[in-house]
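The block underneath contains the structure these notes are about, expressed in structure tokens.
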Number of protein chains: 2
Amino acid sequence: MFLIVVYKDIHFTKIIYNFLERDLYMPKLTIKEIAKIAGVSPSAVSIVLNNRTGVSEQTRQKILDIVEKLQYTPNPNSRRLLFNKTNNIAVLFRKNASPLEHFFYSDLNRIILHEFESRGYNLIFTSVTINENNVLLPNVIKSYDVDGIIFYGDVEPLILSSIRRFDIPFVVVDNHLPVHDILSVSADYAEAAYTATNYLIDLGHKDIGYIGTSSQAHFNAQTFSGFKKAVEEHEIVLPINWIQIEADDENSAYNCMKNILNYGKVPTAVFCSADIYAIGAMRCIKDHGLKIPDDISVIGIDDIILSQYTDPPLTTVKIDKVSMGKLAIDMLVKKIEKTETTITSAKVTSNNIVERATTKAKV
Amino acid sequence: MFLIVVYKDIHFTKIIYNFLERDLYMPKLTIKEIAKIAGVSPSAVSIVLNNRTGVSEQTRQKILDIVEKLQYTPNPNSRRLLFNKTNNIAVLFRKNASPLEHFFYSDLNRIILHEFESRGYNLIFTSVTINENNVLLPNVIKSYDVDGIIFYGDVEPLILSSIRRFDIPFVVVDNHLPVHDILSVSADYAEAAYTATNYLIDLGHKDIGYIGTSSQAHFNAQTFSGFKKAVEEHEIVLPINWIQIEADDENSAYNCMKNILNYGKVPTAVFCSADIYAIGAMRCIKDHGLKIPDDISVIGIDDIILSQYTDPPLTTVKIDKVSMGKLAIDMLVKKIEKTETTITSAKVTSNNIVERATTKAKV
DNA sequence: TGCACTGCAGTAATCGATTACTAAATGCTT
DNA sequence: AAGCATTTAGTAATCGATTACTGCAGTGCA
């Protein structure tokens, strides 16, 4: 512990430095200390550390040796102040986001953490709150403590405009709302719905229920258009009662399924616009004494981690969160580092069926 | 966009400031700009912002007005440099941590995010890697870019000693390995196992299987001792084949259950030292044509989010991650802010049975 | 031997906020 | 009205790293 004090003295530091063992306690060092120990000026040390020219090979080696031995790292705050670059990225959530979002974004978190880390950025997880039309942004943003922002999910216009005022590069991932002039990566949920519905139709199903949401109207518009397209292409006619759009979570999806089952005729398959709806629907189907997939096939969208653990495991259309994440990171980093300034939005194709056990050919 | 330039000129800034509307683009400001606009010195602004005395009420109001209108926030990097305090906390993971950890720690993440944010700390998520006995710590730690570290799960001695060298306050949450002189919060898994086993015994079960792990030996030692205590207190004798400790994930737990079922006599209940093992065991039981809970009762430990979605929903002993998180945060913040220096380790009691549908009284 | 030029080391200003210290201005008393 | 005390305003140093610039030593050429 006493080493901190000792290091202040040039004579002792030289001695200590020679004896320094790897497991010793490691004091904070400054560029001046390193310079003193090496017997050079701070600028020489800086030149070596930043791979610039202007020092002899001899001093370069001496400095590198000492830096390596003492494991010196420049104070990041000093550099941040000087260069006006933080190397921080904010990962922004809505504060009251449902716990379920963890299912959706756990893959995304992992890939983002890994990618940004390998590019030398720190990831700061933080949240926005809205109360009474007032957007409460976190301090990291208000004080320009980040170089970029990555936002998950639906970004309301109110949040959008407050973030925009700070002129910090930001990208929105998996947003369903219409946005302009913004970096955004989303999945093609219309395609996903189309793929899922066609999959059911190809299995011979003609009586298909639809469970979607009205709380996310733009999302539902996408999934419904995909569903409708597939159904129409095969000239299938469905009773309006089989179209349920009041799902919001597992329980409301349960009720949607109930409405479908309580209508006179029972469909042979159900399309759910999200896996979590499918889970609710499955519970309802079981409670009605029907068998999955023998009596009713069920398909979802997303492929959240839960889906492989349901009984039976859920067939679904995978939304490729990893690709979305990688695309988003690329766009954001390019914007930050000004490699490219073109504002773009990307859409990840979503036609990858994960065949599990909730679907079956109609006999 | 042109405002940035304009702000550099004192004359225009005064005009602009009057016209500034809330939705305008917001340029980065310095304390000098604010001082210029207010017609005072930077020190006066600083005094007002830090609630110190030394300015007249009149200037204080004027400054506060301008600060509020322009939404000025001091440059955090400047303050960090001066005070040598980052207000950052590192949340440290093992890089190769299994995706399953997301189930365990999603609650913890949420509570930690909320608590630290309200205390004015930023949360930086980051990871350690070990390759060939070399510990690779993230740069945020190596460059002292955090005031504290919070570590999830088992902390190997190697990681422990490398972190320790930096002398950054840190706390370990949910660690099963023995540690000394370290802030640590863990759950009492012996108590959890004891509670779970007693619950089964109280339901009339005398033939109980045990599924534990050998990959986390210290964890297993805890759960097994709790299990053993309950069994011995009721003078129950079990065949050794029912004691399986080769579980590591869902699939290995499946095999453990298979071993138990393949032994001549079939138990009426199974204790699993983690919910994820219980999920594997349940799949095995179903595959053998047995009914849960009618033929075999199953109980786990943890109460991960998955557990409420299994079929039937899993009865388990809840590990209170939220309390663990709150305790850990408290200890860490106290250490950082030197309110208290006593090194302590806390253990959260774990005797809270979550009764769901995988257990049933023996007939 | 002297002059020009190259290569290297060191000095000082900078980034923005804070604060100890100094200077100025005000109020109060006799 | 002069002198003292007290409040308020302003100056400059500081945190650590970087870099433009200055200065010095050494080499080569005439």
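Throughout, protein chains are lettered first and strands after them, A, B, ... in sequence-line order, and every chain is numbered starting at 1. Here the structure is a predicted model, which means the values were calculated and not measured.
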Sugar-phosphate or base contact per nucleotide [nucleotides 14-25 of chain C; S, B, -; heavy atom under 4.0 Å]: BBBBSB------
Protein proximity profile, nucleotides 23-28 of chain D - base contact B, sugar-phosphate-only contact S, no contact -, cut-off 4.0 Å on heavy atoms: ------
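Within the 4.0 Å cut-off from OP1 or OP2 of D:dA9, at least one side-chain nitrogen or oxygen of B:Ser56 is found. Look at A:Thr59 and you'll find a side-chain N or O under 4.0 angstrom from OP1 or OP2 of C:dA9.
Residues satisfying the ring-ring contact (aromatic ring centres under 6.0 Å, His included) test with A:Phe151, not counting sequence neighbours, are none. Listed by chain and number, the residues in a side-chain hydrogen bond (donor to acceptor under 3.5 Å, both in side chains) with B:Thr59 are B:Ser56 (sequence neighbours excluded). With sequence neighbours excluded, the residues satisfying side-chain hydrogen bond (donor to acceptor under 3.5 Å, both in side chains) with A:Asp174 are A:Tyr105, A:Tyr189. With sequence neighbours left out, B:Tyr121 forms a side-chain hydrogen bond (donor to acceptor under 3.5 Å, both in side chains) with B:Lys85, B:Glu337. The side-chain contact (heavy atoms from CB on, under 4.5 Å) check on A:Glu68 picks up A:Gln71, with sequence neighbours excluded. Residues passing the salt bridge (charged side-chain N to carboxylate O under 4.0 Å, His left out) test with B:Arg119, sequence neighbours excluded: B:Glu115, B:Asp330. By the side-chain hydrogen bond (donor to acceptor under 3.5 Å, both in side chains) test, B:Asp154 pairs with B:His176, B:Gln216, sequence neighbours left out. By the side-chain contact (heavy atoms from CB on, under 4.5 Å) test, B:Ser41 pairs with B:Ser43, B:Ala44, sequence neighbours left out.
Only one option out of A:Ile63, A:Leu49, A:Ile66 pairs with A:Tyr72 in a side-chain contact (heavy atoms from CB on, under 4.5 Å); it is A:Leu49.
Relative to the axis of its first five pairs, the axis of the last five pairs of the helix from C:dT1-D:dA30 to C:dT30-D:dA1 sits at 60°, rounded to 10 degrees.
Screening residues 72-81 of chain B for salt bridge (charged side-chain N to carboxylate O under 4.0 Å, His left out), with sequence neighbours left out, gives A:Asp145-B:Arg80.
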